[in-house]
Amino acid sequence: MSEENTTTLFGREFGEFSSRTTAVVAAIVALAATFAAGIAFPDSIAGTLTDILTSEGTLSSALRLSVPIALAALGGIFAEKSGVINIGLEGLLIISAFTAIYVTDITGGVWIGFVGGVVASVLLALLFAIVVIEFRADQIIAGLAVWLIALGLAPFASQVIYGRPNSPSVDTPGTIAIPVLSDIPFFGALFDASPTVYLMFAAVALSWYVLNRTTFGRWVRASGENPKALDTAGVDVSRIRYAAVLLSGVLAGMGGAALSLDLGQFTGNGPTMVNGKGFIAIVAYLFGNYNPVGAFFSTLLFAGLDAMQTVLQLQGIGLPRQLIRIIPFVMVIVVLAFVGRTRIPAAAGEHYDTGDDNR
């Protein structure tokens, strides 16, 4: 690599690091300022925010809200790292959320329903994979089609089966409390949560390990960065991309099933109960720079703001509820301002035929 290219690459990577560092530092400073003001003026809005932010209930709610977004983000990382841009994550969440409730309703088994939701998501992801890998369709258009199919199909199926777009209530997985640890102030919420929260923690750790410490992970990264080199090494690029997209279906399916089963109902009105979580997952993994751990913390930031705005609406702090409700989405826009320096995989969105030059 020439000195000029090395300098350019260093400058780009430094820019990515700098933008994220700026965002993190700004968030820490804002949080510290809020706490300081809240302690000094407990009856002010800052005091109310401090009480909410230090509440165990807020952390518990943030963890629950993080599950579908974080799992979908992990799925998006695998797909895009392999070179396939899967913006159909929203659709995978919707179809798995409905299927999980339906299967639970007819079988009476919550975890059978959970598996059913994952299977539905994988089947839709397989359809997407065939269209974009086998038939070389535009990945963005195909992803939008997956979303629109699920957005129409799930509420329609609920209307046909239940006579309304919202399903009846079913059993939920409940919570698992770890003795002693669950009694820790504030952080006890980490040890008294739904099984899907623990599943999310395991998925984040396992995804990081697979991507960074296994042969399959190296193949996935090579498929998205230099598929020709991977092909030359004797590895079928199409198979790796199929596997990565199907894995995104598994993870997003887990997220959608967790979303509906934790609530015990599927809501199909409007944008459905998923309500943009798949698109927020895309922002999360972009801001996390395709790192599963970074994507998780990005998700936790949004989920924490979402949990906070719900409590603020009940507090009656003098601001219109409509204004409070958009706080998490404003944060997404702010985050997007920093995402501009994220370097996507070099071959993301590009088709590749084994044995041919990258096109």
Side-chain angles (χ1 to χ4, degrees), residues 65-97 99-100 114-115 117-133 139-140 142-144 146-147 149-150 196-197 199-212 214 216-217 219-221 223-224 240-260 274 276-300 302-303 344-345 348-349:
L65 293 170
S66 294
V67 174
I69 302 174
L71 289 172
L74 295 177
I77 289 173
F78 275 99
E80 199 155 330
K81 276 283 192 180
S82 75
V84 179
I85 302 173
N86 185 2
I87 68 168
L89 296 173
E90 179 87 355
L92 300 181
L93 287 174
I94 294 172
I95 203 69
S96 57
T99 306
F114 186 89
V115 173
V118 173
V119 170
S121 175
V122 170
L123 291 176
L124 190 55
L126 176 60
L127 175 63
F128 169 74
I130 292 172
V131 169
V132 300
I133 298 174
Q139 294 175 6
I140 303 299
L144 288 174
V146 167
W147 167 46
I149 288 171
T196 58
V197 172
L199 184 63
M200 172 184 65
F201 290 145
V204 170
L206 187 59
S207 295
W208 182 90
Y209 180 81
V210 169
L211 278 172
N212 296 283
T214 67
F216 175 71
W219 288 346
V220 168
R221 299 200 308 273
S223 176
I240 297 302
R241 291 186 171 182
Y242 267 111
V245 173
L246 291 179
L247 188 53
S248 77
V250 171
L251 289 162
M254 290 165 57
L259 173 64
S260 59
V274 175
K277 290 179 175 58
F279 297 113
I280 294 168
I282 295 174
V283 175
Y285 73 69
L286 287 174
F287 188 67
N289 204 24
Y290 298 93
N291 185 312
V293 177
F296 167 70
F297 282 114
S298 298
T299 298
L300 193 60
F302 175 84
I344 67 172

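On a predicted model such as this, the values are computed, not experimentally measured, just so you know.
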Any L93 side-chain heavy atom under 4.5 Å of L89 side chain: no
Are F114 and V118 close enough that some pair of their side-chain heavy atoms sits under 4.5 Å apart? yes
To the nearest 0.5 Å, what is the distance between CG on L259 and CG on L65? 9.0 Å
Residues L74, Y285; criterion side chain to side chain contact (heavy atoms under 4.5 Å, CB included); working and verdict: CA-CA 7 Å; L74 295 177; Y285 73 69; over 6 Å; no
Interatomic distance, N212 atom CG to R221 atom CZ [nearest 0.5 angstrom]: 5.5 Å
Working to the nearest 0.5 Å, report the span between CD of E80 and OH of Y290. 3.5 Å
Would you say the side-chain atoms of S248 pair up with the backbone N or O of G76, donor to acceptor, closer than 3.5 Å? no
Step through the shown structure and confirm whether more than 12 heavy atoms of other residues, nucleotides or ligands are within 6.0 Å of OH on Y209. no
N86/L92 under side chain to side chain contact (heavy atoms under 4.5 Å, CB included): CA gap, chis, key distance, verdict: CA-CA 10 Å; N86 185 2; L92 300 181; 3.8 Å; yes
Do other residues, nucleotides or ligands put more than 12 heavy atoms under 6.0 Å from the CZ atom of F279? yes
Would you say the side-chain atoms of N289 pair up with the backbone N or O of N291, donor to acceptor, closer than 3.5 Å? no
Does Q139 reach the main-chain N or O of I85 with its side chain, forming a donor-acceptor pair under 3.5 Å? yes
As a test of understanding, state which of S121, P68, S260 forms a side-chain contact (heavy atoms from CB on, under 4.5 Å) with S96. S121
From CZ (F296) to CG (L71), nearest 0.5 Å: 10.5 Å
In Å and rounded to the nearest 0.5 Å, what is the CD1 to CD1 distance from I282 to I69? 12.0 Å
If you apply the rule side chain to side chain contact (heavy atoms under 4.5 Å, CB included), what do you find for I87 with W147, and how did you get there? CA-CA 8 Å; I87 68 168; W147 167 46; over 6 Å; no
Only one of I149, L123, V245 passes side-chain contact (heavy atoms from CB on, under 4.5 Å) with F128, and that residue is V245
CA sep, side-chain torsions, deciding dist, call: F78, L211, side chain to side chain contact (heavy atoms under 4.5 Å, CB included): CA-CA 8 Å; F78 275 99; L211 278 172; 3.8 Å; yes
Which atoms form the tightest heavy-atom contact between E90 and K277, and what is the distance? OE1-N, 3.2 Å
Closest approach of V132 to A142 (non-hydrogen atoms, all atoms of both residues): CG1-CB, 3.5 Å
Nearest 0.5 Å, what's the CE-CG distance between M200 and L251? 13.0 Å
For the backbone of G294 and the side chain of S298, can you confirm whether one donor and one acceptor N or O come within less than 3.5 Å of each other? yes
Do R241 side-chain atoms and S223 backbone N/O form a donor-acceptor pair below 3.5 Å? yes
Closest heavy-atom pair, A150 versus I94, reported as atoms and distance to 0.1 Å, is O-CG2, 3.5 Å
For residues T299 and A70, report the shortest heavy-atom separation together with the two atoms involved. CG2-N, 3.6 Å
